[in-house]
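Below, read A as the first sequence line, B as the second, and so on, with proteins coming before strands; counting in each chain starts at 1. The structure presented is a predicted model; accordingly, all values stated were derived computationally and were not measured.
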Amino acid sequence: MRAPVRLGAAETTLVAQLQLAGATAEAERLGVAGLPTRRVEAYHYTDLKTLLRTVPPLAADATATGAPALDIPGAYRLLVANGRAQAHGTAPAGVIVGTTKGGALTERDDVLVRLNSALAAETLTLTLEGTIDPVIQIDRRTEGDAAHAPSSARIFLADGAAATIIETFSGSAAAHVSNHGSFVQLGKGARLTHITIDLSPRPATHFATTEYEIGADAQLRTLTIHAGAGLERTQLFARFGGEGAHADFTGLNLAAEGQHADITLEARHAKGHCTCKPLYKQIARGRSRAVFQGKIVVERDAQKTDAKLMMQGLMLSDEAEILSKPELEIFADDVVCGHGSTCGKLDEDSMFYLMSRGVPEAEAETMLVRGFIAELLDPIENEPLNEALQGVVDQWLEAR
Amino acid sequence: MTTPMLEIRDLHVRIAEREILKGVNLVVPKGEVHAIMGRNGSGKSTLSYVLAGKDDYEVTSGQVLLDGVDLLELEPSERATAGLFLAFQYPIEIPGVATMTFLKAAMNAQRKARGEAELTTPDFMRAVKEAGTALHVDTDMLKRALNVGFSGGEKKRAEILQMALLKPKMCILDETDSGLDIDALKLVSEGVNALRGPERSMLVITHYQRLLNHIVPDVVHVFSDGRVVESGGKELALQLEAKGYAEFDEAAA
């Protein structure tokens with residue numbers, strides 16, 4: 001065993017918070033190992049020891065009012081402030097809303113997961129049956145003075161259920177450290193579109209982990225968008241636990257000056273005959289850093305798996321950094337798997353073509369970027385939702 | 001003499017260290033259609049790109065005036081707004097941008113730059129439908145991403161459709177006949193001819209006489225080794241077709 005590392009201010013605070021919460025083992029563990037550095041493979045491009053200098057006190061209960069960071073007309077909205085579910089309106093048919101104590105994530109060797117499990121006081125639970133008509137929005141906010149705010153949700157889709165859920169993350173303009181967890185289970189033949197979008201103010205740090213347990217013949221589409229906090233990391237751990245399922249994992253890092261945005265995906269095929277198409281795009285401008293790590297694991301019994309992973313990066317400045325690590329880990333012998341990764345600037349010929357028709361440079365750039373993103377947003381069929389997401393992208397583009 | 005629409009004076013252009021245009025002199029009067037013929041590599045396409053304002057070229061000397069406006073000082077989008085249009089030899093495919101969206105953006109950008117009100121959606125749709133019918137461009141094609149998966153003929157028809165909608169003063173058609181079968185060539189040529197008028201000039205770049213049977217030029221210029229070496233009437237094109245470019249190479253030397 002290695003000698004304990006020297007703890008920084010962030011780690012000292014976290015250890016104290018864990019001890020106070022009675023998570024003695026976790027406190028001890030973090031006290032010895034510290035936060036992961038670049039030597040830990042999963043955090044190679046997001047060295048938490050360097051990037052996370054301080055952690056504010058644990059969040060006090062808060063009541064949040066006011067409009068959501070993203071308004072989606074017609075959506076059924078559930079508000080969670082500083083980890084606590086707020087009073088909500090009558091749930092639509094097929095939706096049961098509740099809360100349970102503690103977190104929702106499964107045990108996993110990951111520091112953000114362990115912190116969330118040890119510190120989340122409450123989990124918002126959603127049980128969905130049948131076809132849910134309105135879009136469900138889980139509006140998670142971290143309010144008040146700078147706070148370390150764990151929050152948690154558990155979403156269960158019964159066999160054959162169908163729903164569209166968007167989780168929006170936002171809060172007051174303070175140096176929050178929010179650490180969200182979601183556990184999502186899809187029953188047999190369930191269909192889910194699950195969008196998570198970080199719209200936190202720039203001084204904040206946003207961490208989120210979503211676990212997916214995908215049942216037989218289920219259909220899942222995910223869309224992760226980072227467009228907010230200065231430091232963002234979303235982890236997705238998906239497991240295909242039944243045959244015949246399909247998942248489109250998609251995501252978009254929008255990184256501007258001073259930002260660090262990281263999406264890390266692990267899709268695990270435990271059962272055969274499933275297909276999975278991860279498609280991630282990253283756009284970086286100014287001095288910023290966008291990271292994508294994507295790993296597809298095919299276990300021994302997962303024969304006839306068909307998985308194709310793709311990352312596409314677009315650099316809008318010379319100082320921007322786009323990092324990509326696609327990985328395949330295959331233990332079955334009858335599968336079709338592939339991965340690809342490309343990165344470049346806006347195509348000069350395309351720019352010239354648009355400009356030669358009278359479109360000014362900035363507008364031509366916007367058109368091309370929107371075109372680049374189109375295949376992520378186009379599959380979101382609900383119109384108000386699609387428009388709201390397009391609005392986020394446009395706002396990011398206009399903020400140049 | 002009639003008013004010149006396009007005036008090119010002693011234009012010299014380099015790419016990297018190589019001189020491609022070596023003193024081009026050319027005047028296209030208002031309302032006339034001129035053709036430039038020349039073999040591959042003579043600098044014809046370079047001329048069209050330089051006129052439209054592509055970045056890769058360095059203009060070392062010379063002047064280009066469009067209806068009296070100094071073109072070389074302008075950004076590509078400003079040249080378009082000033083009335084220049086280049087129909088590309090190889091139109092660029094732009095995934096994710098619907099053709100319709102692009103057309104509307106281009107038309108409105110030009111209107112905005114000229115201080116005109118933006119088109120309403122019904123007015124825009126009407127204009128597109130009208131121009132599209134003549135060129136056999138249907139709405140389905142316009143819903144697709146710009147030039148993506150278009151056949152050679154569809155791409156060229158889409159170029160001419162853009163030309164019809166943007167109503168430029170000066171059209172440059174770069175090898176518009178390339179990749180077209182006879183029927184498509186006829187259709188495209190009819191589209192171009194419909195746009196001829198006293199206020200609009202055209203410069204048709206080609207290396208085959210074939211196109212000029214359909215788009216009959218007022219003047220033909222022979223291009224060789226980066227400059228115009230001979231100008232004449234439309235019969236010059238026939239002469240070229242019969243004898244080839246060889247004898248003009250001497251004139252260039």
Worksheet item: By number, which residues in residues 60-69 of chain B have some heavy atom less than 4.5 Å away from chain A?
Response: none

Worksheet entry | Charged N-O contact under 4.0 Å between B:R9 and B:E7 | yes

Item to complete: Pick one of side chain, backbone, both or neither for B:L146, based on which atoms fall under 4.5 Å of a heavy atom in chain A.
Response: side chain

Discussion item. For a 4.5 angstrom cut-off between non-hydrogen side-chain atoms, does A:M311 reach A:T342?
Written reply: no

Response to the item:
chain B shares the most heavy-atom pairs under 4.5 Å, among A:A374, A:S356, A:A364, with A:S356

Discussion item. Under 4.0 Å between a side-chain nitrogen and a carboxylate oxygen: does that hold for B:R14 and B:E19?
Written reply: no

Worksheet, complete the sentence: Honestly, the part of B:A113 sitting under 4.5 Å from a heavy atom of chain A is neither

Item to complete: Please tell me if the side chains of A:T224 and A:T250 come closer than 4.5 Å, counting only heavy atoms from C-beta onward.
Response: no

Item to complete: Over all heavy atoms of both residues, which pair between B:L135 and B:R157 is shortest? Give the atoms and the distance, please.
Response: O-NE, 3.1 Å

Worksheet item: Under a 4.0 Å N-O cut-off, is there an ion pair linking A:D318 with A:K345?
Response: yes

Response to the item:
Bottom line for A:E375: the part with an atom under 4.5 Å from chain B's heavy atoms is neither

Practice prompt. Would you please indicate if the ring centroids of A:Y353 and B:Y90 are separated by under 6.0 Å?
Written response: no

Item to complete: Against chain A, label B:P91 side chain, backbone, both or neither, depending on which of its atoms sit under 4.5 Å from a heavy atom there.
Response: both

Worksheet item: With the threshold set at 4.0 Å, does a side-chain nitrogen-carboxylate oxygen contact exist between B:E154 and B:R144?
Response: yes

Discussion item. Regarding B:K54 and A:D349, does a basic nitrogen lie under 4.0 Å from an acidic carboxylate oxygen?
Written reply: yes

Item to complete: Name the member of B:G96, B:S77, B:A106, B:A80 that forms the most heavy-atom pairs with chain A at distances under 4.5 Å.
Response: B:S77

Fill in: Contacts of residues 116-133 of chain B with chain A (heavy atom under 4.5 Å)
none

Worksheet entry | Pair A:D248 + A:R221, salt bridge at N-O below 4.0 Å | yes

Discussion item. Between A:R370 and A:D394, does any NZ, NE, NH1 or NH2 come within less than 4.0 Å of an OD or OE carboxylate oxygen?
Written reply: yes

Response to the item:
A:E232 and A:G228 have their tightest heavy-atom pair at OE2-N, 2.9 Å

Worksheet entry | Check: A:Y212 ring centre within less than 6.0 Å of A:H194 ring centre | yes

Worksheet, complete the sentence: Ranked by heavy-atom pairs below 4.5 Å to chain B, first place among A:L368, A:D347, A:L354 goes to A:L354

